[in-house]
Protein chains: 2
Amino acid sequence: MVDQERAADVIARDLERRIITGELPDNSPLPAEKDLGQEYGASRTVIREVITALTNRGMLENRPRFRPVVKKPGFDAAFNTVGSIVQHLINAQEGVETLFQSRVFLERALVREAAIRAQSSDIRELRAALQANKEAIDSSEDFYKTDIEFHRVFYAIPGNPIFTSLHEAYTQWLAAHWVKMERSPERNARNYESHKAIFEAILDRDADAAESLLERHLEQAWEQVKGTFNV
Amino acid sequence: MVDQERAADVIARDLERRIITGELPDNSPLPAEKDLGQEYGASRTVIREVITALTNRGMLENRPRFRPVVKKPGFDAAFNTVGSIVQHLINAQEGVETLFQSRVFLERALVREAAIRAQSSDIRELRAALQANKEAIDSSEDFYKTDIEFHRVFYAIPGNPIFTSLHEAYTQWLAAHWVKMERSPERNARNYESHKAIFEAILDRDADAAESLLERHLEQAWEQVKGTFNV
DNA sequence: TTACGCATTTTTGTCATACAATACAGGATT
DNA sequence: AATCCTGTATTGTATGACAAAAATGCGTAA
């Protein structure tokens, strides 16, 4: 006894196909519900269901009362759709900690990789990010940005788009907790020093040192974030 | 100029909350559309949209004509919702390769971690998995399972549920390509030997060796998978 | 020409209603 | 108790309606 499919599922599959193949171009608006209905011989009711389904899968972007916009999915879209779930999961301290620890784990590996395989262009990027970091020590908002940017470089080095998307996702998911962190020029300076130490370990091609420096750096950050829970 | 929300979005948020808090228990059926409609003062149309939305976010499981079933989301649910996107992304060879490389990267880090920090219970699990692996060399189906199981142990060692969910996700996403791989007792034996070598490096607490053995092991697997593209 | 403002037309969000097909629950039958 | 039968409840889908907002087209001003 096979579950018979809903009309909406069939149409959704076909629309997905059309989006993937580019027949419906990225960033273009979807045809009107009425037209889609005619094309597929279905009622607006069904088309509407299709649209909400694809919206939640990240293949359409749908502001109320505007035409849905086609989004050809990339790995970043994938992580975006997860967003709402993760948001719920990290409401408990345990959730944030789990997420943060996974980040620490991955980033340790990324830093190690950087120490071993970073090319001169990567080094340049790191140096630039570090410099920007230094210059922003006295500006609490800017420092946050340059801080993130410095870490982002590590996610970019392997050249795998999944990691860059993942960095986006991590920073978004953890942002809420991060911004609550106390900021001060002194703290910023200490963070900058950590970054600098990591950078130098990478220049020395000392993977073990780089990794453990990063670990310590993130653990310190975590201690601060954790403080924001028990307020 | 705030986008005014749709009724469906408001109700969806509230239902999410009720699912998270357990007011709607995990695995229980959702109330009938009509009843939800009455409770929220909305038409069936709207309730229906809410249901498709939550279904696509992985908080409901919805077989046609049956009551949707509440699924309290965990990190595994998160990866499941990503599934449909990833499926599309990996249709091109480039996509699979990207995904596979990310797996290699993560798993290298996991193996290194195992070599450094594995506890006796972890070692026992590895040994058991390896043993099962050996016994399945002559059975093409079973070997596949024990193969996966051996790798799974590494994802479990850090004790972070994100990694175990991620292992599930990887194996599901890559399964389609994996099963096409040629299987033979000889190949199985070779894979077993690779596993054994990795295990022994871990026993020796030799992280570098374990990592590079794993890398080689996975690269070999990749060569085989890659072969299935140009057929 | 370009830019802006306004009136007209579409389109979306929501509701109500309808009906066929299917699942479900309760009773009758074995 | 297990099985079948039947009536009811529920889902999937269609149609029509309407208000509110967006898109469109057009005429006028800069």
Side-chain angles (χ1 to χ4, degrees), chain A residues 1-19 23-71 81 84, chain B residues 1-19 23-71 81 84:
Chain A
M1 200 170 305
V2 181
D3 281 340
Q4 82 196 26
E5 295 188 282
R6 275 169 282 215
D9 295 334
V10 178
I11 298 175
R13 250 210 314 285
D14 191 63
L15 267 187
E16 278 188 37
R17 185 189 54 75
R18 294 217 267 163
I19 292 174
E23 182 187 334
L24 294 173
D26 198 16
N27 290 316
S28 67
L30 207 63
E33 295 172 358
K34 181 170 51 103
D35 297 339
L36 286 174
Q38 287 217 295
E39 184 180 347
Y40 285 107
S43 66
R44 250 187 87 203
T45 315
V46 171
I47 299 297
R48 217 131 213 302
E49 258 183 67
V50 173
I51 290 176
T52 52
L54 293 193
T55 299
N56 281 288
R57 290 186 213 166
M59 316 192 65
L60 295 177
E61 250 175 33
N62 195 354
R63 299 163 49 213
R65 300 214 164 268
F66 285 74
R67 294 291 256 300
V69 175
V70 174
K71 287 290 170 193
T81 64
S84 79
Chain B
M1 197 172 310
V2 181
D3 280 339
Q4 82 195 28
E5 304 191 291
R6 276 167 285 216
D9 295 335
V10 178
I11 298 175
R13 250 209 315 284
D14 191 63
L15 267 186
E16 277 187 38
R17 185 189 55 74
R18 293 217 266 163
I19 292 175
E23 183 187 333
L24 294 173
D26 198 16
N27 291 315
S28 68
L30 207 63
E33 295 171 358
K34 178 170 53 97
D35 297 340
L36 286 173
Q38 287 218 296
E39 181 180 350
Y40 286 105
S43 67
R44 256 187 80 205
T45 315
V46 171
I47 299 298
R48 218 131 213 301
E49 261 183 60
V50 172
I51 291 176
T52 49
L54 293 193
T55 299
N56 281 289
R57 290 184 212 165
M59 316 191 67
L60 295 177
E61 252 175 31
N62 195 354
R63 297 164 52 212
R65 299 207 167 274
F66 286 76
R67 285 302 217 359
V69 175
V70 173
K71 288 289 169 192
T81 64
S84 79

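Please read these numbers as outputs of a predicted model, since none were measured by experiment.
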Atom [atom1] of [X] and atom [atom2] of [Y]: how far apart are they, to the nearest 0.5 Å?
X	Y	atom1	atom2	value
A:L24	A:I19	CG	CD1	6.0 Å
A:E49	B:I51	CD	CD1	9.0 Å
B:K71	B:L54	NZ	CG	14.5 Å

Which residues pass the side chain to side chain donor-acceptor pair (under 3.5 Å) test with [X], sequence neighbours left out?
X	answer
A:D35	none
B:T52	A:T52
A:N62	none
A:E39	A:R18

If you compare every side-chain N and O of B:R6 against the phosphate oxygens of C:dT14 (OP1, OP2), does one of them come in below 4.0 Å?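 Checking C:dT14 against B:R6, no side-chain N or O comes under 4.0 Å of OP1 or OP2.
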
Nearest-angstrom distance from the residue atom [atom1] of [X] to [atom2] of [N]:
X	N	atom1	atom2	answer
A:F66	D:dA22	CZ	P	5 Å
B:K34	C:dC15	NZ	P	17 Å
B:D35	D:dT10	CG	P	6 Å
A:L36	C:dT11	CG	C1'	12 Å
B:E33	D:dT13	CD	P	11 Å
A:R63	C:dG13	CZ	P	12 Å
A:E5	D:dG12	CD	P	13 Å

Going by heavy atoms closer than 4.0 Å, what residues in residues 37-60 of chain A are next to DNA chain C?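 Close to the strand are A:R44, A:R48.
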
Contiguous pairing runs of three or more, Watson-Crick or G-U under 3.5 Å, that involve DNA chain D: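 Stem list for DNA chain D: C:1-30 with D:1-30.
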
Mark yes or no for a side-chain to base donor-acceptor pair under 3.5 Å between B:R65 and C:dT22, with no hydrogen or angle criteria applied.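 Side chain to base: no pair below 3.5 Å.
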
Holding to side chain to side chain contact (heavy atoms under 4.5 Å, CB included), I want the full list of residues that pass it with B:S84, two or more places apart in sequence or in another chain.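 B:S84: side chain to side chain contact (heavy atoms under 4.5 Å, CB included) contacts with A:R57.
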
Set of residues satisfying salt bridge (charged side-chain N to carboxylate O under 4.0 Å, His left out) with respect to A:E33, sequence neighbours excluded: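 Partners of A:E33 under the salt bridge (charged side-chain N to carboxylate O under 4.0 Å, His left out) test: A:R44, A:R48.
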
Apply salt bridge (charged side-chain N to carboxylate O under 4.0 Å, His left out) to B:D9 and list each qualifying residue two or more places apart in sequence or on a separate chain.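 B:D9: salt bridge (charged side-chain N to carboxylate O under 4.0 Å, His left out) contacts with B:R6.
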
Quick one, which residues of residues 7-16 of chain B touch DNA chain D with a heavy atom under 4.0 Å?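 Contacting residues: none.
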
Might you work through the side chain to side chain contact (heavy atoms under 4.5 Å, CB included) test for A:Y40 and A:L15, ending with a clear yes or no? CA-CA 10 Å; A:Y40 285 107; A:L15 267 187; 4.0 Å; yes

